[in-house]
Amino acid sequence: MRIAFNFISRRLWAGGYNYQANLFAALARFRPGEFAPVVFAGNRSDESEVAGIAEIQGVEIVRSAAFDGQRELPAALALGLARGAAASFQAARIDAVVESARFYGWRLPIPAVAWIPDLQHRSLPHLFSRAGRWRRELGFRMQIGSGRTIMLSSESALRDFKAYYPHARNRICVVRFATQPPSALLDTDASEVLAGYNLPENYFYLPNQFYRHKNHQLVVDALSILKDRGVDVVVCASGSTEDPREPGYFERVDAEVRKRGLAAQFRHVGIIPLSHVYALLRASTALINPSRFEGWSTTVEEAKSFGVPMILSDIDVHREQTAGAARYFGIDDPVALADLLAEALTQAKGPVIRNIVPHQDESVSAFAASFAATVRQTVQRAARKTAEE
């Protein structure tokens, strides 16, 4: 079965990029010969990012100007079909389409699954411009109204969906993401990576993009509290500094770090290779995720895959993902975070580099199976509907 995906830029949305990469690898490993992911990228899409996806076994890449930006969205909304995208799908003999932050129209002649990773614009509307919020809402409502199968990433997202769209009658599937980083990305010498970034043997890792809802400021506040206590804690942050919704956010956080004299404690290393991300994660004292909102956290899943201790904001989805197997703090409670960081530091036992935990294959296999069932059932339902008509 040939399944179309739109390309997701790692620079703009690392979680989405990693989600697709892990899904494609999981399908190749646990559903061999069953699915062929076909990724449609714009002509202006970053070549190195596209190449990273193209290296995954079984993945095909199709380039088309129809996938540069959202140029066909007005036609999809007004006329019911993104003609350029639809033509590209048909030329590539696509059997099913997965829409991610895209809408190809209610007249799309191919069965479609709408992946809605979260409903942040409804839960945290103040983080979006009025136009951005309604653009996202309109897209979701069109997908719902078009009868798409809705794919969500957590029970938490499902509760949100039912609360915000109580009259929706779509088929809804919860497909929980799981990850097993490829062995080729684990060959990097973690001690060399740490030395390259001048990190101590005990540090905390925060690999979130600098979006305001990711709540980096709370970590800065906690470090300031610890500094006043005379406790030296180092947080290594990585990820993009670009938030199209709020330009200048990173610069404001960085200015606060310098104003408080925390440059040695809060270290941002930018966008780094995935092999370095995994090295820093495996060697860290603990992962920190202070986010105010998640659909299903990629960084938490990656930490789970290595058995890395986790210090997480106390939100429903973090509880769901970890089943209580983490330390939690309130999203507006820097004192609680400071206490947990100090506690974890005292319990640290020196340098450690972790490997994939036992039974991780089972989690990733279940992820692949759940996605496969979602797509197959969507195609079968579309076939039955066509036969009835």
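In this text the structure is predicted, and so the values were computed from the model without any measurement.
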Taking ring-ring contact (aromatic ring centres under 6.0 Å, His included) as the test, write out the residues that go with Tyr165, two or more places apart.
Phe161
Set of salt bridge (Lys or Arg N to Asp or Glu O under 4.0 Å) partners for Arg10, sequence neighbours left out
none
Under the 3.5 angstrom rule, does the side chain of Ser370 hit a backbone N or O of Ala366 as a donor-acceptor pair?
no
Who are the side-chain contact (heavy atoms from CB on, under 4.5 Å) partners of Asp95, not counting sequence neighbours?
Met1, Arg2
Test question: given the 4.5 Å side-chain rule for I, L, V, M, F, W and Y, name all other residues clustered with Tyr211, or answer none.
none
Do Arg267 and Tyr203 make a side-chain contact, defined as non-hydrogen atoms from C-beta onward lying under 4.5 Å apart?
no
Okay, side chain of Ser45, backbone of Gly42: is any donor-acceptor separation there less than 3.5 Å?
yes
Shared ILVMFWY cluster between Val300 and Val175, side chains joined below 4.5 angstrom?
no
Working to the nearest 0.5 angstrom, can you tell me the gap between Ser365 OG and Arg29 CZ?
9.0 Å
Walk me through whether Glu99 and Arg148 qualify under salt bridge (Lys or Arg N to Asp or Glu O under 4.0 Å).
CA-CA 9 Å; Glu99 292 178 332; Arg148 302 287 202 251; 2.8 Å; yes
When you measure from the side chain of Asn6 to the backbone of Ser100, do you find a donor-acceptor pair of N or O atoms at a distance under 3.5 Å?
yes
Exercise: do Asn289 and Ser297 side chains pair donor with acceptor under 3.5 Å:
yes
Phe103: which residues meet the ring-ring contact (aromatic ring centres under 6.0 Å, His included) condition with it, sequence neighbours left out?
none
Donor-acceptor contact below 3.5 Å, side chain His213 vs main chain Arg292
no
Sidechain-backbone polar pair: Lys304 side chain, Gln321 backbone, donor-acceptor under 3.5 Å
yes
Return yes if some donor-acceptor pair links the side-chain N/O of Asn170 with the main-chain N/O of Ile172 below 3.5 Å, else return no.
no
With no hydrogens and no angle check, is any side-chain donor or acceptor of Tyr104 less than 3.5 Å from a backbone partner on Ala112?
no
Can you find a heavy atom in the side chain of Glu294 that is under 4.5 Å from one in the side chain of Asp118?
no
Applying the 4.5 Å side-chain criterion to the ILVMFWY set and letting contacts propagate, would Val50 and Val62 be lumped into a single cluster?
no
Salt-bridge contact Asp232-Lys227 (side-chain N to carboxylate O under 4.0 Å):
no
Determine whether more than 12 heavy atoms belonging to other residues, nucleotides or ligands lie under 6.0 Å from atom CZ of Arg252.
yes
For residues Phe30 and Phe367, establish whether the separation of their ring centroids is below 6.0 Å.
no
Using the side-chain contact (heavy atoms from CB on, under 4.5 Å) criterion, which residues pair with Ser88? Sequence neighbours excluded.
Phe40, Ser64, Phe67
Going by side-chain heavy atoms closer than 4.5 Å, which hydrophobic residues are tied to Phe329, directly or by a chain of links?
Phe204, Leu206, Phe210, Leu218, Val219, Val220, Leu223, Leu226, Val231, Val233, Val235, Tyr249, Phe250, Val253, Val257, Leu262, Phe266, Ile288, Ile311, Leu337, Leu340, Leu341, Leu345
Is any side-chain N of the basic residue among Asp254 and Lys259 closer than 4.0 Å to the acidic one's carboxylate O?
no
Would a 4.5 Å heavy-atom cut-off, applied to side chains only, mark Tyr205 and Thr299 as touching?
no
How would you list, by chain and number, every residue that makes a salt bridge (Lys or Arg N to Asp or Glu O under 4.0 Å) with Arg31, sequence neighbours excluded?
Glu34
Can His318 and Ser313 be counted as having a side-chain donor-acceptor contact under 3.5 angstrom?
yes
May I ask whether Phe177 and Val277 are part of the same hydrophobic cluster, defined by side-chain heavy atoms of I, L, V, M, F, W, Y residues being less than 4.5 angstrom apart, directly or through others?
no
Between the CD atom in Glu155 and the CG atom in Asp160, the distance rounded to the nearest 0.5 Å is 11.5 Å
Let me know which of Trp134, Phe293, Phe140 forms a ring-ring contact (aromatic ring centres under 6.0 Å, His included) with His121.
Phe140
Taking it one step at a time, do Asp339 and Arg327 satisfy salt bridge (Lys or Arg N to Asp or Glu O under 4.0 Å)?
CA-CA 11 Å; Asp339 291 343; Arg327 296 178 171 99; over 6 Å; no
Can you list the steps and then say if Phe5 with Phe24 is a ring-ring contact (aromatic ring centres under 6.0 Å, His included)?
CA-CA 10 Å; Phe5 297 82; Phe24 301 157; 4.8 Å; yes
Does any non-hydrogen side-chain atom of Ile3 lie less than 4.5 Å from one of Val97?
no
Crowding at CZ, Arg376 (>12 non-hydrogen neighbours, <6.0 Å)
yes
Would you call Thr298 and Tyr17 a side-chain contact if the rule is heavy atoms closer than 4.5 Å?
no
Can you name the side-chain contact (heavy atoms from CB on, under 4.5 Å) partners of Arg319, sequence neighbours left out?
Asp314, Tyr328
Determine whether a donor-acceptor pair (N or O, by modelled atom type, separation under 3.5 Å) exists between the side chain of Gln143 and the backbone of Arg102.
yes
Ring centres under 6.0 angstrom apart (Trp296, Tyr19)
no
Side-chain donor or acceptor of Arg71 paired with backbone N/O of Asp68 under 3.5 Å
no
Between the main-chain N or O of Gly239 and the side-chain N or O of His268, is there a donor-acceptor pair closer than 3.5 Å?
yes
Return the set of residues passing side-chain contact (heavy atoms from CB on, under 4.5 Å) with Leu138 (not counting sequence neighbours), or none when no residue passes.
Leu77, Met142
Given the rule in the side chain to side chain contact (heavy atoms under 4.5 Å, CB included) test, do Asn202 and Val234 qualify, once you have shown the distances and angles that lead to the verdict?
CA-CA 8 Å; Asn202 289 312; Val234 172; over 6 Å; no
Residues Arg11, Glu242: salt bridge by 4.0 Å N-O rule
yes
Residues clustered with Leu12, ILVMFWY side-chain links under 4.5 angstrom
none
Tell me, yes or no, whether the heavy-atom count around His359 atom NE2, taken from other residues, nucleotides or ligands under 6.0 Å, exceeds 12.
no
For the residue pair Glu302 and Thr179, confirm or rule out a side-chain donor-acceptor distance under 3.5 Å.
no
Residue from Val308, Val352, Leu186 passing side chain to side chain contact (heavy atoms under 4.5 Å, CB included) with Arg282
Leu186
Output all residues satisfying side-chain hydrogen bond (donor to acceptor under 3.5 Å, both in side chains) with Glu388, sequence neighbours left out; order by chain, then residue number.
none
Counting only heavy atoms from other residues, nucleotides and ligands, does the tally under 6.0 Å from CD of Glu201 exceed 12?
yes
Side chain to side chain, Pro181 and Ile356, heavy atoms closer than 4.5 Å:
yes
Salt-bridged, Lys214 to Asp243, with N to O below 4.0 Å?
no
Min side-chain heavy-atom separation Ser275-Val193 under 4.5 Å:
no
Hydrophobic cluster membership, with links at side-chain heavy-atom distances under 4.5 Å among I/L/V/M/F/W/Y: are Phe7 and Val113 in one?
yes
Hey, does Leu152 have a side-chain heavy atom less than 4.5 Å from the side chain of Cys173?
no
